[in-house]
Each structure stands twice: as structure tokens, then as C-alpha cells.
Chemist: 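Have a look at this one.
Convention: sequence-line order gives letters A, B, ...; per-chain numbering from 1.
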Amino acid sequence: MESTKQMENGVASIKEEGFLSRMALNDNKAGMEGLDRDKINKIIMETSKGSKFYENELKRDQQVNQRITKMMLQKARITEQQLKKAQAQVRSVEKSRDLSRVIVHVDMDAFYAAVEMRDCPELKDKPMAVGSTSMLSTSNYHARKYGVRAAMPGFIAKKLCPSLVIVPLNFDKYRAVSNEIREIFADYDPNFQPMSLDEAYLDFTDHLEQRQHWPESARTHHFRKKAEPSQEAVTEVRELSPVLFEDSPGSSPSPVGPEGVHAPAGDFEVFGTSVEEAVREMRFRIEQKTMLTASAGIAPNMMLAKVCSDKNKPNGQYRLPSTREAVMDFIQNLPVRKVCGIGKVSEKMLNALGISTCSHLGQQMALLSLLFSETAWHHFLEVSLGLGSTYIPRHEERKSMSTERFFNNFNSYLIV
DNA sequence: GCGGATCAC
DNA sequence: TATGGTGATCCGC
């Protein structure tokens, strides 16, 4: 489904079919819809050709191709016994499904770029990226329209978008903002797990239980006040927030439901007691405190929450209901590449077997048990069933995670 | 165990 | 001119 058309365009005289999957623009992330990928990839390839980097990538791609060839040879035989074993495992893993937790993944929108835009309003209208001529960390929406994105070298980005402004990294500033948002995270889950400066997993379960008994006053939050409060304070403040994307979906409109959720009437807003309201409240507080927006995903486990947080990015949220049906529906057409832990190489190997979505994964478990390691296979199995971790380790526990995982895996062997 | 590969940020 | 730096895990030796 990928690059044959591009190859015909003479982008490269490379025999290897999938080399572009390594080099080319990665549209796995948000904000890349509807741009001229062929043209962008052509520039990327032409600029890269002949460089040390290019040769190295070529070599590594050939190694992957060898792995695939080897794998295809093994594909030949599959025993009845292996098929039975696969089915037994599916049943035992299914029994471990836990839908009782509410896991949230939060992710700041274009974090570094958004911080720089906030602090330098002239940048708002310009295509801009944070990093250097060698490497960009992130870019704003305007730059993304040109194909400029994270992990792209700045000098290639300049070819794609000559007017691009590159702002150097300002880690102290990002750390300070990160501390601000982490204070808010802690109100919802004191054991939240930060993944980086701008991203975290939270377990909302306990918060939600308490929240049911909270009075409105505890769920009321104010808009940021200006130093000299004018009548237009609220709207003025809203304009301060950096506009990241033109087609931002925005927060899901607060449903005026049985809880009586109201649109903001004055300089404050009352949030309801549902998960969605709690997460909306958290994002509201982040925006009021930092003038930056965040996106969030709500799901019964970490793997799903992460995928969900990408769904309505930027400045949006998505909730996946905690039922087996909803989860399986959601998984059905989900590309395997979207799943945390499945990267470029795994994707390419799975594609070689005709597997591109999670439902394909489920259909091919017997085959995969023959071609992949026990741990990789087990991971694929969980993904195909929409399973993931429901336990978020606290900071201190992270170091002992390796033994933790060992025991979990070990136990699942014993069950079979 | 150790080095190489993969993955995520 | 020029394609990150780091930490974690897994795999095969």
C-alpha cells in the first residue's frame, strides 16, 4: 500500500521496495493530513542521497530485508500442536482482561514549539520549528503543512520550507512548564507516571470515585485573570493562548447532560463528575495555568489510552468506553504502527506477512507463534485483544520494573 | 554477561 | 556543512 507509485516517479533508483518507509516522511503523527507527500519525499531523498547517513540507512534496511527473507522461509511449516497452543494462550490471556480502571494519557500539543510561540507572539504566524540545522525537536502547525516535523534535520526542513524559523532549544523553560503541569497531574493521580516533559499516564479511578461526592465548588475553576481586569478579560485571555492548528477540533463540547453542565457564564466554569468532565477540567486548568493546550485519551488500559490521546489532537480528548465490544471495535482497523512498541521494523516485518491492522494480528496468531519470539508474540496477542497494562507504576517502582515484568510473564506461562 | 537492534521520547 | 542523546528491553551469541 505504500511506495510503488513513488518508486515509479524515479524518486530513487533503489531496488529495495520499502526503503522509503525508513527515510520518508512519517505521517504516523497528527497534523500531516493532505500534503504533497511525493514532492516532500523527493526532496528528502535527493537531499540525503550520498551522505553517510543515507548509506547507513540503506545498509540497515537491507538487514531488515534479510530478516524478512529468513522469516518467509520459516513460514513454510506450522504444526497442529502450535496452533492448539496459540488457542490456549488466547483464552488464558482473555481471562486477564481488566476493564475496571480508568487510565488517562495526556500529551501537550507541539510542546516546545507551543512554548516558544507563547513567549514570542511574532512566531505565531510563521512556520517555525525548535531545534537546530542538524535536528529539529518539534514544529508548529504552519511548518507541518510543508512536511516539516520532529526528528527531521533542519537543513532539509529549510529546503521544504525556506521561510522556516528555527528557534534553539530552551530546556530550562520547558522543564519549568513541565513542573507546572505535573502539579496539576498530581491532583488527579499522585502516582502519575511522566514519560517525558510533556507526557504522562494517570490512573483516574480513585479520583473519580471521590469526585462523585464533591460539591460544585470543588469542581469550579476560574479563567486566568489579567493584571488589570477589564470587561473583556476572558476573551482577551483566550487570544493569548497560542493558536497551534487552523483546524483544531477543540475540546469536545461539554455535553449539557443530566449533570447540568453549563457553558461558562462568567469568569469561571463548573465541571461535572464524569470522566470526560474531569479530564476536560484537567486540560482547562493546564491551559489557564500555562496558556498551552493538551490532548488526552481515556481508556481501560495504558496501551489504548495512548492511542486515544492521538485521536483528537490537538486540543482535544477521546474516551474509549470500558466494554469489551467497544475495545474490540476500536482495535479492529487500528494500524499496528499506532501501537506503542511496534516501530518501523516490526511494522515492515508484519506488513510482509500481510498484517497491517490489529485485526490482522488476531487472525495470524498461530503463524506469528512460529515466526516470533515468545515475548514478541505475547505482546502481539495482547495488542490484538486490546489488552494493556492497567497498573501505572509509581516513580520509585520504575527501576524494579524489569523484575516486575518478568514475574508477570512468568505467571502467564504457568496459567497455560 | 555483552553487543547489536529496536523502540520511544 | 549537516541526520540527536539516552535509557530500556530483547535477542542471539
Chemist: How many Å lie between CD1 on A:Ile44 and P on C:dA2, as a whole number?
Modeler: 18 Å

Chemist: Do any side-chain nitrogens or oxygens of A:Thr133 fall under 4.0 Å of OP1 or OP2 in C:dT1?
Modeler: no

Chemist: According to a strict under-4.0 Å criterion, is A:Ser134 in side-chain N/O contact with OP1 or OP2 of C:dT3?
Modeler: no

Chemist: Within the 4.0 Å heavy-atom criterion, would you say A:Ser137 contacts the bases, only the backbone, or no part of the nucleic acid?
Modeler: nothing

Chemist: List the atom pairs, donor and acceptor, that lie under 3.5 Å between side-chain atoms in residues 98-106 of chain A and the rest of the protein, sequence neighbours left out.
Modeler:
| unit_1 | atom_1 | unit_2 | atom_2 | d |
| --- | --- | --- | --- | --- |
| A:Asp98 | OD1 | A:Ser100 | N | 2.8 |
| A:Asp98 | OD1 | A:Ser100 | OG | 2.6 |
| A:Arg101 | NH1 | A:Asp203 | OD2 | 2.7 |
| A:His105 | ND1 | A:Ser309 | OG | 2.8 |
| A:His105 | NE2 | A:Glu199 | OE2 | 3.0 |

Chemist: Begin with the C-alpha distance, continue with both residues' side-chain angles, and end with the deciding distance and a verdict on salt bridge (Lys or Arg N to Asp or Glu O under 4.0 Å) for A:Glu277 and A:Arg280.
Modeler: CA-CA 5 Å; A:Glu277 282 293 290; A:Arg280 226 168 51 75; 3.0 Å; yes

Chemist: Using a cut-off of 4.0 Å on non-hydrogen atoms, how would the nucleic acid contact of A:Lys159 be classed: base, sugar-phosphate, or nothing?
Modeler: nothing

Chemist: Using a heavy-atom cut-off of under 4.0 Å over every strand shown, decide if A:Lys344 touches base, sugar-phosphate, or nothing.
Modeler: sugar-phosphate

Chemist: For A:Lys126 and A:Asn140, does a side-chain donor sit closer than 3.5 Å to a side-chain acceptor?
Modeler: no

Chemist: How far, in whole Å, is B:dA8 from C:dT3 if one measures between their P atoms?
Modeler: 23 Å

Chemist: Without decimals, in angstroms, what is the distance between A:Arg149 CZ and C:dG4 C1'?
Modeler: 15 Å

Chemist: Separation of A:Met135 atom CE from C:dT6 atom P, in whole Å?
Modeler: 14 Å

Chemist: What is the distance from CG of A:Leu197 to C1' of C:dG5, rounded to the nearest Å?
Modeler: 14 Å

Chemist: Output the rounded distance in Å from CZ (A:Arg67) to P (C:dG12).
Modeler: 9 Å

Chemist: Whole-Å distance between C:dC11 P and A:Met71 CE?
Modeler: 16 Å

Chemist: Taking atom types as modelled, find out whether A:Asp109 and A:Ser295 have a side-chain donor-acceptor pair closer than 3.5 angstrom.
Modeler: yes

Chemist: Contact class for A:Glu57 (heavy atom, under 4.0 Å): base, sugar-phosphate, or nothing?
Modeler: nothing

Chemist: With sequence neighbours left out, what residues match A:Phe330 under ring pair (Phe, Tyr, Trp, His ring centres under 6.0 Å)?
Modeler: A:Tyr318

Chemist: Measure from CZ on A:Arg60 to C1' on C:dT3 and round the result to the nearest Å.
Modeler: 12 Å

Chemist: Let me know which of A:Arg283, A:Arg319, A:Arg211 forms a salt bridge (charged side-chain N to carboxylate O under 4.0 Å, His left out) with A:Glu276.
Modeler: A:Arg319

Chemist: Could you tell me the boundaries of the chain A footprint on DNA chain B, defined by atoms under 4.0 Å from its heavy atoms?
Modeler: B:dA5 to B:dC9

Chemist: Are A:Tyr54 and A:Phe19 close enough that their ring centers fall under 6.0 Å?
Modeler: yes

Chemist: Rounded to the nearest Å, what distance is computed from the CD atom of residue A:Glu374 to the P atom of nucleotide C:dG12?
Modeler: 12 Å

